[in-house]
Amino acid sequence: MKFVNNRVMKKDAMSLVTGQAVYTDDIAPKDALIVKVLRSPHAHAIVKNVKKDIALKVPGIECILTWEDAPKTRFTTAGQTYPELSPYDRKILDERVRYVGDAVAIVAGENEKCVDRALKMIKVEYEVLKPVLDFREALDNKVVVHPEEDWEVKVPISPDVKRNLICHDVLEEGDVEAEFAKCKYVIEETYLTKANQQTMMETFRAYTYKDAYGRLVCVASTQVPFHVRRILATALDTSKSNIRVVKPRIGGGFGAKQTVINEIFPALVTWKTGKPAKIIYSRKESQIVSSPRHQMQITVKLGADENGKLKAASLYTLSNAGAFGDHTPTTIGLTGHKSLPLYTSHVNAFKFAFDGVYSNTIPAGAYRGYGATQGVYALETTMNKLALKMNMDPIEFKKKNLLKEGDYMPAYHGETANSCTLEKCLDKVKEMINWDEKYPCKDLGNGKVRSVGLAVAMQGSAISNVDVASVTIKVNDDGFYSMMIGATDMGTGCDTILAQIAADCLDTHVDNIVVYGVDTDISPYDSGSYASSTTYLTGNATIKTCQILREKIIAAGADMLDIKLEDADFDGEKVYSVKEERSISLKDIANNAMCYSNHTLTATAKEKTPVSPPPYMAGAVEIELDKETGHVEIIDYATCVDCGTVINPALATVQTEGGLVQGIGMALYEDVQYDNKGRILNDSFMQYKIPTRLDMGKIRVEFESSYEPTGPFGAKSIGELVINTPSPALCHAIYNASGVWINELPMTSEKIAMGILKNNIEA
């Protein structure tokens, strides 16, 4: 291949580094009304009265909307394929508010100054209710977060909303407890993971206007344009034909923009007033009224025989949805389905069960890793603990039980691992980190200890039997190609990846492929950029489209050459006769097709996948731990990834590096904290710590490619996988340095120091 498996510069690189106007706020109309939201100071309350008369007199104020002015339709803001697994439990504005920050009123005015003034003048009368702030106390609590009668789900997920239960399921093969009884070694541990913010550079933002035909146009920084169209139509109680959604360049998403966070507010203003409207969330709003990672409590139980072979495994997850159920039924399932398969292909029995519950906290949503991150942390940490209990090297213990190519995966929807180099990845990071010399630790003699820790992980490539992707490519009159996709590039480089695939399929240069962003009126349908779907799924759609287009080009060229179709071929520049020295250029074919023939040099193809082949990785970390303060300094992080064929090694490397840094933040620093009234305390980067360049140490990335037979050129996904190993690897290294296992994220210096102190006292 000329471009696949090569370091091709991103399509948008120059426009970004030269500061071109490409983001939502850059291109918003200058006369758009400024929209802001008045928010509840209470975690649970009924809005009895909103006094807005004085605020409406502020010069420049266009409208103030409350629950009495908004449609009564319930919907979900989760950007998922219809019918969504997430419950329809929201209104645009509701008289019941369910968390601190929930929307009470929408204010729109000519400028920010008048809107801010009006917000201060609105007086709200609340009936304050008792909230449920600890999700571990939510199930069967006397306080019901969603008592409404019109709560509904489109897909059976075993809910019992009066018990605050959103979803429940159990997957079991064999008699787990009977198998545990036979095991020589059994271990059971419970872990708590906290909510984490995606902290993308570009905050949530959107603007709306009505076109010449009265249709609502929404331009938004979103990962899921087609789902935004459906959600807006449902919320506004109108037809999707009345809605158009356009996605400009996105300044990061990481799953946060798979939820319709704020698009609905300017949409309602424009719907009511007919005027363009814009909303830009501050960093504070993006911290307190967004869609962070789900807080979870996970219990893992493992059993092994005297030879170190796993015989039984169980995992139970309790997940905090927060005030609304967006993404909870899907995220929670991945805690088991994308962790247990690492080791359960040959066990005698396994069990995975979960419950998702409501509470009066910030509603959770999608975040890179999407539940697998929490599950891998719990399972891998328990595996490392079990290895210690059996006095085995953790790498050897893992290799005894590790998933291998060709293995059937009962815990992964019954799929088979048709491409897997996970054991090679494990061996590679063992070599990279110099495991045999450094494990478990070295005391430096100055109160500091250096140690290593290790973990493996898996993910998926799109959602099998659910996600779809489509691509349209046309030949233009100069012989270059326009490529229209429904997938959204959020900085990951998918526009470039898909252009590389198309260029090799069409035997042209990647610069001849012009990729267009998403416009729901023009682009072919795509589920959206989430679930690590774009390279795998849209890549396959690209190959299909190119095959169809090549056939059309050959047919048009054969007609112009007056030769039989079977005697013609295409080399990327011309259609030629395979029997004689005759040819015609693509440029001439394109011009002829546009003006003088019935040939249409446009092709569209769609791809749906019955499988979701997992990518895999291994990660090993070396840390230096100060036993007096508990401070952890990362010295080296070595990782090796199997994502099938690496389409663009440069982009795959930076994806891996970025995911690892986010995982380090989750492991050591990031923690959404509340006061006793349900208010989020860390509402800025002054209080919410994310890793800087000084915190991440040296990061090294290698690849051990497999060949996935169902993927484009053998490729699988990479985007979500790479966040999954830091938490368990760092937990392992911290134990090896300090003798303290941390079962609650983040693993702060304070927790480590207190654990060391406790061990010293007990000793």
Side-chain angles (χ1 to χ4, degrees), residues 187 189-196 293 295-298 300 373-374 376-389 394 433 435 438-455 619-637 660-673 681-682 687-692 694-699 723-763:
I187 188 170
E189 296 282 340
T190 297
Y191 305 88
L192 181 66
T193 66
K194 300 293 191 70
N196 309 127
R293 189 186 296 282
Q295 185 181 17
M296 292 184 179
Q297 181 175 278
I298 302 175
V300 178
T373 313
Q374 297 97 309
V376 168
Y377 159 64
L379 178 66
E380 277 295 272
T381 302
T382 309
M383 284 290 291
N384 287 331
K385 290 178 181 180
L386 185 53
L388 179 70
K389 188 172 184 177
I433 208 75
W435 181 268
K438 296 176 180 178
Y439 174 76
C441 66
K442 285 187 177 181
D443 195 319
L444 301 182
N446 57 356
K448 296 182 179 181
V449 180
R450 287 205 175 184
S451 65
V452 290
L454 181 139
V621 64
E622 180 181 6
I623 66 168
E624 183 172 292
L625 186 143
D626 187 319
K627 298 183 75 172
E628 183 175 353
T629 65
H631 175 70
V632 172
E633 180 180 347
I634 296 175
I635 306 300
D636 188 14
Y637 203 112
L660 291 174
V661 173
Q662 285 184 308
I664 289 167
M666 176 183 179
L668 299 180
Y669 310 116
E670 298 181 45
D671 184 4
V672 175
Q673 298 171 312
L681 297 174
N682 33 15
Q687 296 87 18
Y688 190 81
K689 163 71 174 172
I690 61 174
T692 71
L694 299 177
D695 298 311
M696 60 185 74
K698 180 170 64 175
I699 293 177
I723 197 173
N724 291 340
T725 60
S727 288
L730 281 163
C731 185
H732 191 206
I734 288 168
Y735 170 79
N736 288 333
S738 67
V740 177
W741 287 111
I742 306 292
N743 282 23
E744 177 182 311
L745 298 182
M747 297 174 286
T748 61
S749 298
E750 181 182 9
K751 291 174 185 175
I752 297 167
M754 293 304 292
I756 292 172
L757 179 62
K758 181 182 177 183
N759 285 351
N760 290 340
I761 292 172
E762 291 176 352

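In this text the structure is predicted, and so the values were computed from the model without any measurement. Side-chain atoms are counted along with the backbone in the values below, which use heavy atoms only and exclude waters and symmetry mates.
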S.K.: Do S749 and V632 have side chains that get closer than 4.5 Å, going by heavy atoms?
M.R.: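 No, every pair of side-chain atoms sits at 4.5 Å or beyond.
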
S.K.: Please test V449 against K627 for side-chain contact (heavy atoms from CB on, under 4.5 Å), starting from the C-alpha separation and ending with a verdict.
M.R.: CA-CA 7 Å; V449 180; K627 298 183 75 172; 3.5 Å; yes

S.K.: Do I734 and L668 make a side-chain contact, defined as non-hydrogen atoms from C-beta onward lying under 4.5 Å apart?
M.R.: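 Yes, at least one pair of side-chain atoms sits under 4.5 Å.
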
S.K.: Measuring from L745:CG to R293:CZ, what's the distance to the nearest 0.5 Å?
M.R.: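 Going from the CG atom of L745 to the CZ atom of R293 covers 10.0 Å.
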
S.K.: Run the side-chain contact (heavy atoms from CB on, under 4.5 Å) test on N736 and I623 for me, step by step, so that the C-alpha distance in whole Å, both residues' side-chain angles and the decisive distance to 0.1 Å come before the verdict.
M.R.: CA-CA 10 Å; N736 288 333; I623 66 168; over 6 Å; no

S.K.: Quick check: closest heavy atoms across G619 and Y637, and the distance to 0.1 Å?
M.R.: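 So the minimum-distance heavy-atom pair works out to CA-CE2, 3.9 Å.
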
S.K.: Specify the closest pair of heavy atoms between Y191 and T382, including all atoms of both residues, with the distance to one decimal.
M.R.: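 Y191 and T382 have their closest heavy atoms at OH-OG1, 2.7 Å.
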
S.K.: Where do L730 and M747 come nearest, in terms of heavy atoms and distance?
M.R.: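 Smallest heavy-atom distance, with atoms named: CB-CE, 3.9 Å.
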
S.K.: Rounded to the nearest 0.5 Å, what separation is found between the CD atom of Q297 and the CD atom of E744?
M.R.: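 Between atom CD of Q297 and atom CD of E744 there are 10.0 Å.
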
S.K.: Is any side-chain heavy atom of I664 less than 4.5 Å from a side-chain heavy atom of D695?
M.R.: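 SC-SC contact between I664 and D695 ruled out.
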
S.K.: State whether the number of non-hydrogen atoms from other residues, nucleotides or ligands found under 6.0 Å of K758 atom NZ is greater than 12.
M.R.: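 Open: at most 12 neighbouring heavy atoms sit under 6.0 Å from NZ of K758.
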
S.K.: In the structure I gave you, are the side-chain heavy atoms of I742 and V740 within less than 4.5 Å of one another anywhere?
M.R.: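 Answer yes - side chains close enough.
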
S.K.: What pair of heavy atoms forms the shortest contact from S738 to N759, and how long is it?
M.R.: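 What the structure gives for the nearest pair is O-ND2, 4.3 Å.
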
S.K.: Show the nearest heavy-atom pair for residues Q662 and E670, with the distance to one decimal.
M.R.: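 For Q662 versus E670, the nearest heavy atoms are O-OE2, 4.1 Å.
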
S.K.: Taking only residues two or more places apart in sequence, or in another chain, which ones meet Y439 in a side chain to side chain donor-acceptor pair (under 3.5 Å)?
M.R.: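 Checked Y439 against side chain to side chain donor-acceptor pair (under 3.5 Å); zero matches.
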
S.K.: Looking only at heavy atoms, what is the nearest atom pair of A753 and E628, with distance?
M.R.: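 Heavy atoms only, the tightest pair is CB-O, 4.2 Å.
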
S.K.: Check whether the side chains of T381 and N384 place a donor and an acceptor atom closer than 3.5 Å, and report yes or no.
M.R.: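 Note: T381 and N384 side chains miss the donor-acceptor criterion.
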
S.K.: How long is the straight-line distance from CG of D636 back to CE of M696, given to the nearest 0.5 Å?
M.R.: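 It comes to 14.0 Å.
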
S.K.: What's the separation between atom CG in D671 and atom CD in Q295, rounded to the nearest 0.5 Å?
M.R.: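 If we round to the nearest 0.5 Å, D671:CG and Q295:CD are 8.5 Å apart.
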
S.K.: Taking the side chain as C-beta and beyond, is there a heavy-atom pair between E622 and V452 under 4.5 Å?
M.R.: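 E622 reaches V452 side chain to side chain.
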
S.K.: Without hydrogens or angle criteria, can the side chains of N743 and K385 be said to hold a donor-acceptor pair below 3.5 Å?
M.R.: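 Indeed, the side chains of N743 and K385 share at least one donor-acceptor pair under 3.5 Å.
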
S.K.: Can you find a pair of side-chain heavy atoms, one from Q374 and one from S727, that are under 4.5 Å apart?
M.R.: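 No - every pair of side-chain heavy atoms lies 4.5 Å or more apart.
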
S.K.: How long is the span from the NZ atom in K438 to the OG atom in S451, to the nearest 0.5 Å?
M.R.: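 Atom-to-atom, K438:NZ and S451:OG are 11.0 Å apart.
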
S.K.: Between CD1 of I187 and CE of M383, what distance do you get to the nearest 0.5 Å?
M.R.: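 Rounded to the nearest 0.5 Å, the CD1-CE separation comes to 10.5 Å.
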
S.K.: Tell me, do N196 and Y688 make a side-chain contact under 4.5 Å, heavy atoms counted?
M.R.: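 A side-chain contact under 4.5 Å exists here.
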
